[in-house]
Amino acid sequence: METEVKLAFKNKENLKALISLDSFTSLCKDLNIEPKLLENFYLDTKNMTVLSRGGSVRRRHVSGSEVDYYEQTVKYGGGAQKGLHRRHEWNARLNGDFSIEAFKDAADSQDDPKELLDEVFDGLTDEDFEILCSNSFNRTTYDVAYGESLIEACFDIGTIYNSDKSNSEDICELELELISGNIDDLNSLSALIKEISDCVPLDASKYARTLKLVRGIEK
């Protein structure tokens, strides 16, 4: 189960200012972190079957000075309220086109129930999937020790475009993902950041925002 808080900032300057505040940097294990480029491609059927079932399929290319790999992700169920997102999530580092069976095999050892993947893909084949939309952004990730928990703080900066790039939206958001510990620490850290910086809870995912801009469809 993925558990995270999303916080939206007005601009990248406000987001970057957070990392200069002692009240935040004192919690980080390492400040010497290089950003990575994340390129996301969201897949579904023409009729958006997976989306209608409450799921999503993503193929991501991660690149940086020391990394270069593809990661495929399926999310299912759950929801978001006041910036807190909770969903079943499976990840697998797989190159090439998306393969249902290869993904299931790679996700076999993960904590979330594998049988839920059968609900996501029921009646679908690899050939049914196509790219619906895409986005890209730079991510800088810090490990934060807070209370009894380890939390991953992801600073995401980029731009979402519609199909002909005549319209766009900025990505200026902070994702706080609970790696280990408890949700009370996650909520407490989120409250602290809202006190010391200019941000608001964000319920819409990057996928939902991109799909809405490209196709006029809101998740």
Side-chain angles (χ1 to χ4, degrees), residues 2-42 56 58 60-64 73 75 78-87 89 133-147 149-162 165-179 181 183-214 218-219:
E2 175 194 46
T3 303
E4 66 180 13
V5 170
K6 294 179 184 289
L7 300 172
F9 289 70
K10 290 183 179 180
N11 52 57
K12 63 183 180 181
E13 288 75 23
N14 287 358
L15 177 57
K16 289 180 177 179
L18 178 60
I19 200 60
S20 66
L21 298 178
D22 290 342
S23 48
F24 178 79
T25 59
S26 63
L27 304 171
C28 298
K29 290 190 171 186
D30 184 5
L31 294 174
N32 187 26
I33 305 295
E34 292 189 7
K36 300 180 180 65
L37 175 64
L38 276 58
E39 300 169 278
N40 293 329
F41 302 89
Y42 301 96
S56 64
R58 182 186 70 207
R60 169 176 284 174
H61 181 207
V62 180
S63 59
T73 298
K75 299 186 180 186
Q81 186 175 24
K82 297 181 179 179
L84 177 64
H85 297 243
R86 302 196 74 188
R87 306 191 74 181
E89 178 180 286
C133 58
S134 63
N135 58 47
S136 63
F137 54 93
N138 289 301
R139 166 170 286 181
T140 308
T141 304
Y142 302 92
D143 289 335
V144 175
Y146 192 82
S149 303
L150 177 63
I151 297 168
E152 191 175 71
C154 301
F155 289 68
D156 295 342
I157 297 174
T159 307
I160 299 171
Y161 294 100
N162 65 347
K165 294 192 174 183
S166 61
N167 195 11
S168 65
E169 291 183 13
D170 289 336
I171 297 174
C172 293
E173 63 187 67
L174 174 64
E175 292 187 1
L176 301 171
E177 182 172 356
L178 183 64
I179 304 303
I183 195 170
D184 289 338
D185 287 338
L186 178 65
N187 287 329
S188 179
L189 176 61
S190 173
L192 170 64
I193 291 174
K194 284 184 282 188
E195 286 180 5
I196 64 176
S197 61
D198 185 11
C199 63
V200 295
L202 178 64
D203 286 347
S205 67
K206 295 182 182 70
Y207 177 29
R209 292 176 61 200
T210 305
L211 194 60
K212 180 181 179 181
L213 197 63
V214 171
E218 186 172 8
K219 186 175 178 181

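Model, not experiment: these values are computed from the prediction.
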Sequence-distant partners of D30, side chain to side chain contact (heavy atoms under 4.5 Å, CB included), two or more places apart: N32, I33
Show the atom names and distances, to 0.1 Å, of all donor-acceptor pairs under 3.5 Å that link a side chain in residues 151-160 to residues at least two apart or in another chain.
| from | atom 1 | to | atom 2 | distance (Å) |
| --- | --- | --- | --- | --- |
| D156 | OD1 | R139 | NE | 2.8 |
| D156 | OD2 | R139 | NH2 | 2.8 |
| D156 | OD2 | K206 | NZ | 2.9 |

Side-chain donor-acceptor pairs of residues 185-194 under 3.5 Å, sequence neighbours excluded:
| from | atom 1 | to | atom 2 | distance (Å) |
| --- | --- | --- | --- | --- |
| D185 | OD2 | E148 | N | 2.9 |
| D185 | OD2 | S149 | N | 3.4 |
| D185 | OD2 | S149 | OG | 2.7 |
| D185 | OD2 | N182 | ND2 | 3.2 |
| N187 | ND2 | I183 | O | 3.4 |
| S188 | OG | Y146 | OH | 3.0 |

Exercise: identify the closest heavy-atom pair between L7 and P201: CD2-CA, 4.0 Å
For residues 16-28, which residue pairs qualify under side-chain hydrogen bond (donor to acceptor under 3.5 Å, both in side chains), counting only residues two or more places apart or in two chains? none
Just jot down the side-chain hydrogen bond (donor to acceptor under 3.5 Å, both in side chains) partners of T3, sequence neighbours excluded, or say none. R86
Working note: C28 + V144, criterion side-chain contact (heavy atoms from CB on, under 4.5 Å); need CA distance, chi angles, decisive distance, verdict. CA-CA 5 Å; C28 298; V144 175; 4.1 Å; yes
Calculate, to the nearest 0.5 Å, the distance between atoms OG and NE2 belonging to S136 and H61 respectively. 12.0 Å
Test item: H85 side-chain N/O and L202 main-chain N/O as donor-acceptor pair under 3.5 Å: yes
Give me each pair satisfying side-chain hydrogen bond (donor to acceptor under 3.5 Å, both in side chains) with a member in residues 5-15, each pair once, sequence neighbours excluded. E4-K6, K6-E175
I'd like to know if the side chain of D203 reaches the main chain of G83, judged simply by a donor and an acceptor atom lying under 3.5 Å from each other, with no hydrogens or angles considered. yes
Would I19 and F24 satisfy side-chain contact (heavy atoms from CB on, under 4.5 Å), going step by step from the backbone distance to the final call? CA-CA 7 Å; I19 200 60; F24 178 79; 3.4 Å; yes
Under the side-chain hydrogen bond (donor to acceptor under 3.5 Å, both in side chains) test, which residues partner E34, sequence neighbours left out? S65
Just verifying a value: how many Å separate N135 CG and I171 CD1, rounded to the nearest 0.5 Å? 5.0 Å
Do the non-hydrogen side-chain atoms of K29 and L150 ever get within less than 4.5 Å of each other? yes
Could you work out, with salt bridge (charged side-chain N to carboxylate O under 4.0 Å, His left out) as the rule, every residue matching D143, not counting sequence neighbours? none
For S166, which residues count as a side-chain hydrogen bond (donor to acceptor under 3.5 Å, both in side chains) partner, sequence neighbours excluded? N162, D164
Just to verify, what does R60 make a salt bridge (charged side-chain N to carboxylate O under 4.0 Å, His left out) with, not counting sequence neighbours? none
Rounded distance (nearest 0.5 Å) linking atom OG1 of T210 with atom OH of Y161: 12.0 Å
Residues at least two apart in sequence or cross-chain that pass ring pair (Phe, Tyr, Trp, His ring centres under 6.0 Å) with Y42, listed by chain then number, are Y207
First locate atom CG of L37, then atom CZ of F137, and finally report the distance between them rounded to the nearest 0.5 Å. 9.0 Å
Side chain to side chain contact (heavy atoms under 4.5 Å, CB included) involving K75 - partner list, sequence neighbours excluded: E2, S56, R58, T73, R87, E89
